[in-house]
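Questions regarding the structure given below will be posed in turn.
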Amino acid sequence: MSKYDDSYLSLPNFFYQVNKPTIFSKSKIFILNKLLLKNVDPFITELDLKKILLENKKKKKCFSQAYSGHQFGHFTNLGDGRAMIIGEHLLKNNQRVDVQLKGCGITKYSRGGDGKATLRSMLKEYIISEAIHYLKIPSSRSLAVFKTGEKINRENLNDGAVLARIMHSHIRVGTFEYATFFGNINYLNSLTNYTVKRLYPNIQSSKNIALSLLETVMNKQIDLVINWMRVGFIHGVMNTDNTSISAETFDYGPCAFINNYNPNACYSSIDYYKRYSFGNQTKVIKWNISRFAETLLPIINKNQKTAIISAQNVIDKFDEIWNKKFYEMMLKKIGVRKVNQKSYKLVDNLLKIMLENKLDYTNTFYNLTYSDIKINTSPKSKFDMWKNDWQKFIEDFCNKKEIKKIMKDNNPIIIPRNQIVEQVIEEAVNGNKTMFNKLNSYLTRPYEYQNDIERFMLPPSKEFENCYKTYCGT
Ligand code: AMP
Ligand code: MG
């Protein structure tokens, strides 16, 4: 018997709609994350999830969250148009998670949409969210994908699906935007206090909770996006409604992984101006955090001018923090612990060479990690020259074992390559889940060499790379 809590419903009902998922009487489990079910939760069972969808019996109260957001820079009102939280669950470590169904029918926030999701898009979210988690990056987790047994209309007819996912909280920058721009200061205070109590209880006693929250979220989001840069991940739709206050990666729509290192890499079919390209994620997260800061102004200080100065002081630290953390991360990828201007140059030069020579991001770091550390005597290319510099540099500062360990921990051997993700999804929706399961299994140990892994490590063909586009794929 499941034990769900509903602490979110303690907020004013301005923040949600209480509702029930659509009954999908023909729904069947398509993929079940047994490992996660076992580790996370003795209460949420396969049967339990099924019953909610099949009979709507287990859970009387579900709810969808209200929120707004800046989408591609434009403010708009949104909300869970196809998602419902069936409850919150306390994990073994006492942490609270939302258990959410995505694609389970119309809500008051659907804005003309059908509230449904395609099997393809939910399988993509399943693969990538789990991969991101195992790459040691905070993420929503996927519990299961159900095939609903109905066809839904997109450009053509598609199998419908519901994804069951968990996340420490679905509160996002957009939730704060909604409170400030459509609510009032009391609502904003309630949301802030609830969020802090739930996600960051350590700042509850700080002098200015709103300011501490801003600073905390900024730091955590910097860590998150730097982690994305570490593994070559492009989120693809970093709207403020997809920027979580818990700093977990979520809402995997048009996401992708880079192959050749290229800050301009952008695969999203709707992102004409490359707002959410790989390299622009730095600027975008700063922009999103600035929108977050704006929402908090009324409770940072009653005096607007004072509030703006205080918030600006926090935002002004962004570039320095980003820079420091970015180089620290990149230096770990090349096994360098000594962080100084000289080592920064080493990173800049490597990235420049990778860009000029169209080198594969993941495999270049893989090769540096797993090849012998020895200095070439006669460098042939710029890359060889860089390697000489690098090897002299690391030998000056660390021992080889230490270097290897840092590099192995920070450079994945396997990532979900775009062409492989597309291929396994295609096969799975056509009834063959063998490769889908195989890929997911490899991705649970991305930092280890595994047998027969080579074909999953290959970059795509030029033809694939030149044409590849990702879709919000709702
Ligand atoms: P996303 O890009 O997935 O983060 O979604 C942006 C907004 O569109 C959210 O408010 C979603 O709830 C809404 N949305 C996406 N797909 C649908 C759908 N099929 N029906 C209703 N709302 C949707
Ligand atoms: Mg979203």
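Please read these numbers as outputs of a predicted model, since none were measured by experiment. Every number for a ligand or one of its atoms is a count from 1 in the order of the listing.
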Using a 4.0 Å cut-off to any heavy atom of Arg111, which atoms of ligand 1 qualify?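 So the answer, numbered in order with elements, is 7 (C), 8 (O), 10 (O), 13 (C).
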
Within 45 degrees of the ring normal and closer than 6.0 Å to the centroid, is that where the cationic atom of Arg165 sits relative to Phe250?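 Output no; distance or angle outside limits.
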
Can you confirm, on distance only, whether ligand 1 has an N/O atom lying under 3.5 Å from any N/O atom belonging to Lys102?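 No, no N or O pair falls under 3.5 Å.
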
Under 6.0 Å from the ring centre and within 45 degrees of the ring axis: does the NZ or CZ of Lys433 meet both conditions for the six-membered ring of Phe30?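 Pair Lys433/Phe30 counts as cation-pi.
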
Using a strict cut-off of 4.0 Å, indicate which atoms of ligand 1 neighbour a heavy atom of Arg154.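 Ligand 1 atoms under the 4.0 Å threshold to Arg154: 19 (N).
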
Within 45° cone and under 6.0 Å: Lys220 NZ/CZ vs Tyr200 ring: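 Lys220 over Tyr200 ring: no.
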
Please report whether the ring centroid of Phe72 lies less than 6.0 Å from that of Tyr276.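 They qualify: ring centres under 6.0 Å apart.
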
Tell me the protein heavy atom at minimum distance from atom 19 (N) of ligand 1, and give that distance in Å.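 Heavy-atom neighbour on the protein nearest atom 19 (N) of ligand 1: Asp114 OD1, 3.0 Å.
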
So if I count the atoms of ligand 1 from 1 in the order they appear, which ones are less than 4.0 Å from some heavy atom of Tyr67?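 Here the atoms of ligand 1 in question are 9 (C), 10 (O).
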
What atoms of ligand 1 come closer than 4.0 angstrom to any heavy atom of Asp251?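 Under 4.0 Å from Asp251, ligand 1 has these atoms: 4 (O).
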
Tyr134 six-ring centre to Arg141 NZ/CZ under 6.0 Å and within 45° of normal: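 Arg141 over Tyr134 ring: yes.
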
The Mg ion (ligand 2) to Asn239: any N/O/S contact under 2.8 Å?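 It does not; every qualifying atom lies at 2.8 Å or beyond.
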
For ligand 1, which is the ligand I care about here, please tell me if Gly79 has any N or O atom under 3.5 Å from one of the ligand's N or O atoms.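 There is such a contact, yes.
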
Got an N/O contact under 3.5 Å between Gln71 and ligand 1?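 No; the residue has no nitrogen or oxygen that sits under 3.5 Å from a nitrogen or oxygen of the ligand.
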
Do any non-hydrogen protein atoms sit less than 4.0 Å from atom 12 (O) of ligand 1?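 Protein heavy atom within 4.0 Å of atom 12 (O) of ligand 1: present.
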
According to the interplanar angle, ranging from 0 to 90°, do the rings of Phe365 and Tyr361 count as parallel (below 30°), tilted (30 to 60°) or perpendicular (above 60°)?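 Rings of Phe365 and Tyr361: perpendicular, over 60°.
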
Between Phe233 and Trp228, how do the two ring planes meet: parallel, tilted or perpendicular, split at 30° and 60°?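 The arrangement is perpendicular - the two ring planes meet at more than 60°.
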
Consider every N or O of Gly81 and every N or O of ligand 1, then say whether any pair is closer than 3.5 Å.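 For ligand 1, there is an N or O atom that lies under 3.5 Å from one belonging to Gly81.
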
Compute whether any side-chain donor of one residue and acceptor of the other, for Ser7 and Asp5, lie under 3.5 angstrom apart.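 Short answer, no.
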
Indicate yes or no: at least one non-hydrogen side-chain atom of Arg417 is less than 4.5 angstrom from one of Ile415.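 The answer is yes, as the side chains (C-beta and beyond) meet within the 4.5 Å cut-off.
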
In this structure, which one of Val173, Ile171, Thr240, Thr175 forms a side-chain contact (heavy atoms from CB on, under 4.5 Å) with Tyr67?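 Among the candidates, only Thr175 passes.
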
Going by heavy atoms, is Asp80 under 4.0 Å from ligand 1?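 Within the 4.0 Å threshold, so yes.
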
For Asn242, is at least one N or O under 3.5 Å away from an N or O on ligand 1?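 Among all N and O atoms of Asn242, at least one is under 3.5 Å from an N or O of ligand 1.
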
Would you check whether Tyr109 has a nitrogen or oxygen atom less than 3.5 angstrom from a nitrogen or oxygen atom of ligand 1?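 Not met; the criterion fails.
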
Does Ser110 have a non-hydrogen atom less than 4.0 Å from ligand 1?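 Heavy atoms of Ser110 do come under 4.0 Å of ligand 1.
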
Below 3.5 Å, N or O to N or O, backbone or side chain included: is there any such pair between Gly115 and ligand 1?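 Yes, Gly115 has an N/O under 3.5 Å of an N/O on ligand 1.
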
Angular separation of Asn242 OD1 and Asp251 OD2 about the Mg ion (ligand 2), given to 10°: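 My answer is 90°, to the nearest 10°.
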
May I ask you to check whether Phe63 and Tyr8 place their ring centers less than 6.0 Å from one another?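 Yes, ring centres under 6.0 Å apart.
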
Between Phe181 and Phe75, is the ring centroid distance below 6.0 Å?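 Yes, close enough.
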
With a cut-off of 2.8 Å, does any N, O or S atom of Asp241 fall short of it relative to the Mg ion (ligand 2)?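 No, Asp241 does not qualify, because none of its backbone or side-chain N, O or S atoms lies under 2.8 Å.
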
Given Lys116, Arg82, Gln65, which has its nearest heavy atom closest to atom 15 (C) of ligand 1?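 Selected option, by shortest heavy-atom distance: Arg82.
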
